[in-house]
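Working notes, structure below.
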Amino acid sequence: MRGWMGKFRSFFLFGALTILLSGCGVDNLSALKPKGYGSDLLFDLMMISIAIMLFVFVIVMAIYTFVLIRYRQKKGQEDFIPKQTEGNKALEVIWTVIPIILLLVLAVPTVQATFDLADESTKGDDGVTTIEVTGNQYWWHFSYPDDEISTSQDLYIPTGERVYLDMKSSDVIHSFWVPSIAGKMDTNPGDNDNTMYLEAYDEGVYWGHCAELCGESHSLMDFRVIAVSPDEYDQWKEDMQNVDPEADAETADAQEGQALYEDNCMSCHAIGDGAAGQGPNLTNFANRTKIAGILEPTKENLESWIVNPEEVKPGNQMPANLVSEDEASQIAEYLMELDHSDIGSNASDEEVEEE
Amino acid sequence: MSTAMSQNRGLGAAIWDYLTTVDHKKIAHLYLVSGGLFFLIGGLEAMLIRIQLMQPDNNFISAGLYNEMITMHGTTMIFLAAMPLIFALMNAVVPLQIGARDVAFPFLNSLGFWLFLFGGIMLNVSWFTGGAPDAGWTNYAPLSTVSPGHGVDYYVMGLQISGAGTLIGGINFLVTIVNMRAPGMTYMRMPLFTWASFVTSTLILFAFPALTVGLFLMMFDRMFGSVFFDTAAGGNAIIWEHLFWIFGHPEVYILILPLFGAFSDIFSTFSKKRLFGYSAMVFATVLIGFLGFMVWAHHMFTVGMGPIANSIFAVATMAIAVPTGIKIFNWMFTMWGGNIRMTSAMLWSIAFIPSFTIGGMTGVMLAAAAADYQYHDTYFVVGHFHYVIVGGVVFGLFAALHYWWPKMFGKVLNEKLGKLAFWPFFIGFHLTFFIQHFLGLMGMPRRYWVFLEGQGLEAGNMISTIGAFLMALGTIIFIINVVYTAVKTEKVSGDPWDGRTLEWSIPSPPPHYNFVQTPLVRGLDPLWVEKSEGKKGMTPAEPLGDIHMPNASILPFMMSLGLFIAGFGFIYQVDDKGWLALVFIGMGITLGSMLTRSLKDDLGHHIHKADLEKDIEKGAGQ
């Protein structure tokens with residue numbers, strides 16, 4: 001599909017459309033600025049459909065404008081009785097057959113793309129990564145079963161290769177969407193598992209949204225996809241596999257915080273590999289691009305999130321006022337020390353600069 | 001009990017008259033007023049949504065309230081505004097267009113209305129009893145089954161009751177159109193509005209049971225401990241999506257087809273031409289109705305049905321564009337060569353063509369299954385379906401109301417105010433929704449309580465909100481027009497537009513019995529046929545004689561009231577079994593009323609020939 005689409009782009013209408021629309025939106029978020037295989041394919045499909053539709057629209061509007069100007073009642077013609085035409089077989093056949101042909105032109109690449117994006121032929125092969133994605137109210141869990149890595153909110157993938165995602169939900173239906181890399185797929189509860197794949201062309205931090213209404217904080221259930229080079233990805237895996245969840249914190253405050261964390265937080269949160277818990281996995285927390293998916297990663301934001309989660313994300317499950325503000329500060333100190341891998345942190349700096 | 005008589009009595013008598021009426025014309029008034037009120041409530045909810053989304057990180061309303069707002073906006077507009085307003089038109093017009101004195105089952109007609117109204121009231125009572133439903137108008141499980149409070153229970157009971165009313169109404173019109181046509185009114189001579197109502201009623205008959213079943217499963221899951229949608233206990237949440245959309249997609253055509261019919265009548269009348277390609281238009285209407293049942297899963301492309309199912313539903317959906325395109329071209333060629341009068345009704349109809357064409361185009365884009373992975377559940381979809389529902393259904397309702405207002409009330413809506421209402425609404429509509437296509441592609445999912453700063457979404461949302469205010473302005477001017485017309489304007493003759501179909505052959509508003517003598521239909525556009533032969537009105541198909549009419553009855557109101565009471569019992573028995581008393585009281589009223597209806601003979605009454613002759617002297621026969 002991409003082969004012959006390349007040729008199509010040289011057509012003037014296509015070129016103009018593509019340039020016009022790709023001016024829309026923010027880099028690494030907009031579906032109109034494709035940066036991965038899936039969104040690229042879908043962008044082309046959109047452009048074919050828009051071109052066909054614009055063609056039809058122009059014809060309709062031409063006839064429409066002519067009719068309205070030419071046949072509008074003129075002064076003194078109030079009593080004019082027009083010829084009572086019953087119809088015209090030839091015309092009617094034309095405007096039945098031509099749309100059918102246009103739709104067939106659109107149907108072929110549609111079916112191709114639909115099957116292309118559902119392709120799982122390399123899944124499970126050596127060296128092909130499969131990640132388990134779990135949607136939760138209102139956060140995302142990512143586990144790498146082959147590599148025994150678990151993380152939440154930030155999804156690390158290597159660039160330039162297909163990464164399969166096995167998707168499910170722990171509660172209600174969510175939908176995983178990274179517009180600039182691929183289309184979306186629902187995460188369903190129960191046995192209705194889904195699979196999709198991501199393939200990012202370039203390194204970068206890409207915005208992800210939840211796209212299926214899942215409760216009060218549906219609009220705050222953001223996440224990031226961090227695409228790094230295959231070498232860095234291997235390094236990241238190694239770093240993540242070497243995490244010692246029980247490593248002692250460095251500063252005195254952080255040590256207090258660690259103790260508080262163990263008493264208050266550990267029943268829901270985990271550090272290191274493990275099944276998705278009640279709350280997000282906190283491995284490598286110091287390198288998170290955002291806190292709770294939406295807040296800038298500062299210590300103050302983290303403290304207020306710990307003390308008053310309801311104000312940040314209404315309806316979320318973290319209990320409010322579990323610890324005092326001073327205690328929250330110590331816990332934050334500890335979490336900010338969870339610097340397990342600096343891979344990808346450069347990329348997030350770049351994102352900030354771009355903004 | 002003619003209109004003139006009831007006006008001479010007090011307000012109480014007039015209210016009693018409307019509570020008990022089985023006259024299709026008065027039931028049309030009831031549908032119009034209640035549908036109009038719900039339209040205003042739904043519009044108010046839309047304004048609150050747009051104010052919340054005026055700027056990033058806005059905190060105008062809370063997240064929970066926002067979810068209630070979007071849920072109630074969608075549910076209200078579809079079930080409580082668009083549906084009853086369409087039923088208002090069908091009631092006001094269809095019996096007149098086929099030359100009938102009433103619908104086939106006048107008693108059921110009244111029952112259908114009261115069920116709808118009590119269902120709608122029940123749904124809105126939830127605002128005052130601890131929170132409205134908040135799981136979206138699509139009410140997907142398991143979000144809906146685990147939603148705390150009673151909001152979703154109100155959704156289930158309210159829609160179940162009003163849905164029963166709609167189903168009854170649909171069956172009634174089906175039978176009416178099959179059985180009650182005047183002599184000579186063959187199927188292929190029926191006006192397009194009647195044809196569209198016929199197809200829509202068929203869709204209601206087959207689509208609403210799917211919703212009924214879904215709502216019953218939901219009701220048992222929430223109120224009686226079943227686990228149809230509970231995956232932890234072996235249920236399946238996706239079943240709800242299928243049931244909802246097997247109903248929900250035909251519902252879209254249930255809404256738009258009658259307005260397609262109205263547009264056909266309006267284009268023809270105000271171009272002074274017969275409809276271009278009549279049989280193709282009928283065929284296209286039937287085909288849209290049929291294909292409407294084959295495409296529901298295009299709402300579920302991202303659910304994970306696999307590429308084969310996605311491809312089949314994609315191609316089936318694209319196929320609907322063909323009959324819809326046929327209609328657009330036929331409308332334009334109806335105007336081609338015509339003598340176009342730019343009345344308010346015509347203005348709304350003309351505005352409909354480009355607006356709906358855009359909605360249809362984005363519809364085909366959405367049908368491309370893979371591309372939908374990007375569009376799905378974003379503002380692109382919000383833009384699309386508002387282009388179809390506002391640009392098609394709402395424009396159609398405004399056009400049809402301007403067109404048939406004189407037939408319903410005997411007065412023409414003020415033309416100047418009509419056009420003054422049109423422009424802000426039309427401009428506001430495009431401002432509000434066109435930009436939303438781009439917002440969606442730029443990464444804004446739908447049903448978002450807030451959007452964050454720095455995502456390039458600020459300008460688009462601001463424009464959208466400004467547009468919404470313009471639409472509100474247009475609506476207010478329309479209401480002013482209605483009041484102004486009621487107070488100021490003079491009554492007009494039965495045929496103010498130089499009409500072509502049977503409803504224009506009788507006085508406005510028509511007498512209780514519609515036709516003094518059933519007319520003889522001699523072709524398509526029967527009144528036009530007579531006019532073009534120099535005759536003033538229809539030729540009667542029967543001698544002047546006594547007319548048999550049904551009696552008014554309070555029983556439909558009582559039956560609906562009973563279900564309304566029982567509904568609260570069902571909702572609150574979850575908290576305390578004492579509430580079951582309400583179930584018994586309510587069901588007692590309903591079943592008691594049904595028993596009364598079954599056992600008591602109600603043979604109707606006759607309007608005698610002598611009275612008819614007096615009416616003719618006053619102009620009833622034309």
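Given the structure is predicted, the values throughout are model-derived calculations rather than measurements. Throughout, protein chains are lettered first and strands after them, A, B, ... in sequence-line order, and every chain is numbered starting at 1.
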Worksheet item: So which of Ser169(A), Gly190(A), Ala211(A) has the largest heavy-atom pair count under 4.5 angstrom toward chain B?
Response: Ala211(A)
Fill in: chain A contacts, top residue of Val146(B), Ile328(B), Asn330(B), Leu452(B) (heavy-atom pairs, under 4.5 Å)
Asn330(B)
Practice prompt. Kindly give the heavy-atom pair with the smallest separation between Leu213(A) and Leu143(B), and that separation in Å.
Written response: O-CD2, 3.4 Å
Practice prompt. Kindly say whether Trp449(B) contributes a backbone atom to a donor-acceptor pair with the side chain of His218(A) at under 3.5 angstrom?
Written response: no
Worksheet item: Going through the checks in order, is the side chain to side chain donor-acceptor pair (under 3.5 Å) test met by Asn310(B) and Thr114(A)?
Response: CA-CA 7 Å; Asn310(B) 278 2; Thr114(A) 307; over 6 Å; no
Worksheet item: For the atom pair CD (Gln374(B)) and CG (Leu42(A)), what is the distance rounded to the nearest 0.5 Å?
Response: 5.5 Å
Worksheet item: Counting distance only, does the side-chain N/O of Gln84(A) pair as donor-acceptor with the main-chain N or O of Lys272(B) below 3.5 Å?
Response: yes
Worksheet entry | Whether Asn339(B) side chain and Gln77(A) backbone form a donor-acceptor pair below 3.5 Å | yes
Response to the item:
Cut-off 4.5 Å, heavy atoms of chain A, and the answer for Ile308(B) is both
Worksheet entry | Leu103(A) to Ala321(B) - nearest heavy-atom pair and separation | CD1-CB, 3.9 Å
Worksheet item: Which bit of Asp222(A) is near chain B, if near means a heavy-atom gap under 4.5 Å: side chain, backbone, both or neither?
Response: side chain
Worksheet item: Who among Gly183(A), Ser180(A), Ser219(A) has the most heavy-atom pairs with chain B under 4.5 Å?
Response: Ser219(A)
Worksheet, complete the sentence: Looking only at heavy atoms, the pair that brings Phe57(A) and Pro354(B) closest together is CE1-O, 4.0 Å
Worksheet item: Hey, would you say the Trp177(A) and Tyr373(B) ring centroids sit under 6.0 Å apart?
Response: no
Fill in: Proximity breakdown for Glu453(B) and chain A, heavy-atom pairs closer than 4.5 Å
neither
Discussion item. Does Lys89(A), at its NZ atom, have more than 12 non-hydrogen atoms belonging to other residues, nucleotides or ligands within less than 6.0 Å?
Written reply: no
Worksheet item: Heavy-atom distance under 4.5 Å to chain B: side chain of Leu91(A), backbone, both or neither?
Response: side chain
Item to complete: Can you tell which part of Val315(B) gets under 4.5 Å to a heavy atom of chain A, answering side chain, backbone, both or neither?
Response: side chain
Worksheet item: Given the options Ile81(A), Leu29(A), Val111(A), which has more heavy-atom pairs under 4.5 Å with chain B than any of the others?
Response: Leu29(A)
Worksheet item: CD/Glu86(A) to CZ/Arg274(B) distance, rounded to the nearest 0.5 angstrom?
Response: 4.0 Å
Worksheet item: Roughly how far, to the nearest 0.5 Å, is CZ of Phe276(B) from OG1 of Thr85(A)?
Response: 6.5 Å
Practice prompt. Please determine, among Ala118(A), Ser175(A), Gly38(A), Cys210(A), the option with the most heavy-atom pairs under 4.5 Å with chain B.
Written response: Cys210(A)
Worksheet item: Heavy-atom distance under 4.5 Å to chain A: side chain of Ala135(B), backbone, both or neither?
Response: backbone
Fill in: Separation between CE of Met318(B) and OG1 of Thr110(A), rounded to the nearest 0.5 Å
3.5 Å
Discussion item. Taking side chain as everything from C-beta outward and backbone as N, CA, C, O, which of these in Phe329(B) sits under 4.5 Å from a heavy atom of chain A? Side chain, backbone, both or neither.
Written reply: both
Worksheet, complete the sentence: From the list Met196(A), Glu216(A), Lys184(A), the residue making the most non-hydrogen contacts under 4.5 Å with chain B is Lys184(A)
Response to the item:
Note: Tyr64(A) and Ala351(B) closest approach over all heavy atoms is OH-N, 4.1 Å
Worksheet entry | Atom pair CE (Met365(B)) and CD1 (Ile48(A)), whose distance is rounded to the nearest 0.5 Å | 11.0 Å
Practice prompt. Side chain from CB out, backbone as N, CA, C, O: work out which of these in Pro314(A) comes under 4.5 Å of a heavy atom of chain B, or both, or neither.
Written response: side chain
Discussion item. I need the Leu68(A) CG to Ile350(B) CD1 distance, nearest 0.5 Å.
Written reply: 4.5 Å
Worksheet item: Quick one: are the ring centres of Trp95(A) and Phe333(B) less than 6.0 Å apart?
Response: yes
Worksheet, complete the sentence: The interface call for Ser217(A) against chain B, heavy-atom contacts under 4.5 Å, is neither
Worksheet entry | Contact class of Ser271(B) relative to chain A, heavy atoms under 4.5 angstrom | backbone
Worksheet item: When heavy-atom pairs shorter than 4.5 Å are enumerated against chain B, which of Pro99(A), Gly315(A), Ala182(A) gives the highest number?
Response: Ala182(A)
Discussion item. For Asp498(B), which atoms come within 4.5 Å of any heavy atom of chain A: side chain, backbone, both, or neither?
Written reply: neither
Worksheet item: Tell me, side chain or backbone of Ala141(B) under 4.5 Å from chain A's heavy atoms, or both, or neither?
Response: backbone
Worksheet item: Which region of Asn194(A), side chain (C-beta onward) or backbone (N, CA, C, O), has a non-hydrogen atom less than 4.5 Å from a non-hydrogen atom of chain B, or is it both or neither?
Response: side chain
Worksheet item: What part of Glu92(A) gets closer than 4.5 Å to chain B, counting heavy atoms only: side chain, backbone, both or neither?
Response: side chain
Item to complete: May I ask you to check whether over 12 heavy atoms, not counting those of Asp191(A), lie within 6.0 Å of atom CG?
Response: no
Worksheet item: Which one, Ala63(B), Gly337(B), Gly456(B), Gly277(B), leads in non-hydrogen pairs under 4.5 Å with chain A?
Response: Gly337(B)
Worksheet item: Side chain, backbone, both or neither: which part of Ala371(B) has an atom under 4.5 Å from a heavy atom of chain A?
Response: both
Practice prompt. Identify which part of Leu117(A) has an atom lying under 4.5 Å from any heavy atom of chain B, answering side chain, backbone, both or neither.
Written response: side chain
Worksheet item: Which pair of heavy atoms, one from Met335(B) and one from Val67(A), lies closest together, and at what distance?
Response: CB-CG1, 3.4 Å
Worksheet entry | Region of Tyr375(B) in contact with chain A, defined by heavy-atom distances below 4.5 Å | both
Worksheet entry | Side-chain donor/acceptor of Asn192(A) to backbone N/O of Gly304(B), under 3.5 Å | no
Worksheet item: Where on Ile326(B) is there a heavy atom nearer than 4.5 Å to chain A: the side chain, the backbone, both, or neither?
Response: both
Worksheet entry | Side-chain (Glu212(A)) to main-chain (Asp377(B)) donor-acceptor, under 3.5 angstrom | no
Fill in: chain B contact via Glu78(A) - which portion, at a heavy-atom distance below 4.5 Å
backbone
Worksheet entry | Contacting region of Leu220(A) [heavy-atom separation from chain B under 4.5 Å] | side chain
Worksheet item: By a 4.5 Å heavy-atom criterion (distance strictly below it), what part of Met46(A) contacts chain B: side chain, backbone, both, or neither?
Response: both
Worksheet item: Measuring heavy-atom distances to chain B, does Lys83(A) have an atom under 4.5 Å in its side chain, in its backbone, in both, or in neither?
Response: backbone
Fill in: Contact origin within Leu441(B) toward chain A - heavy atom pairs under 4.5 Å
both
Worksheet item: Which atoms of Trp528(B) come close to chain A, meaning under 4.5 Å heavy atom to heavy atom: side chain ones, backbone ones, both, or neither?
Response: side chain
Discussion item. Check this for me: Phe283(B), atom CZ, are more than 12 non-hydrogen atoms of other residues, nucleotides or ligands nearer than 6.0 Å?
Written reply: no
Worksheet item: Hey, which of Gln455(B), Arg341(B), Arg446(B) has the most heavy atom pairs under 4.5 Å with chain A?
Response: Gln455(B)
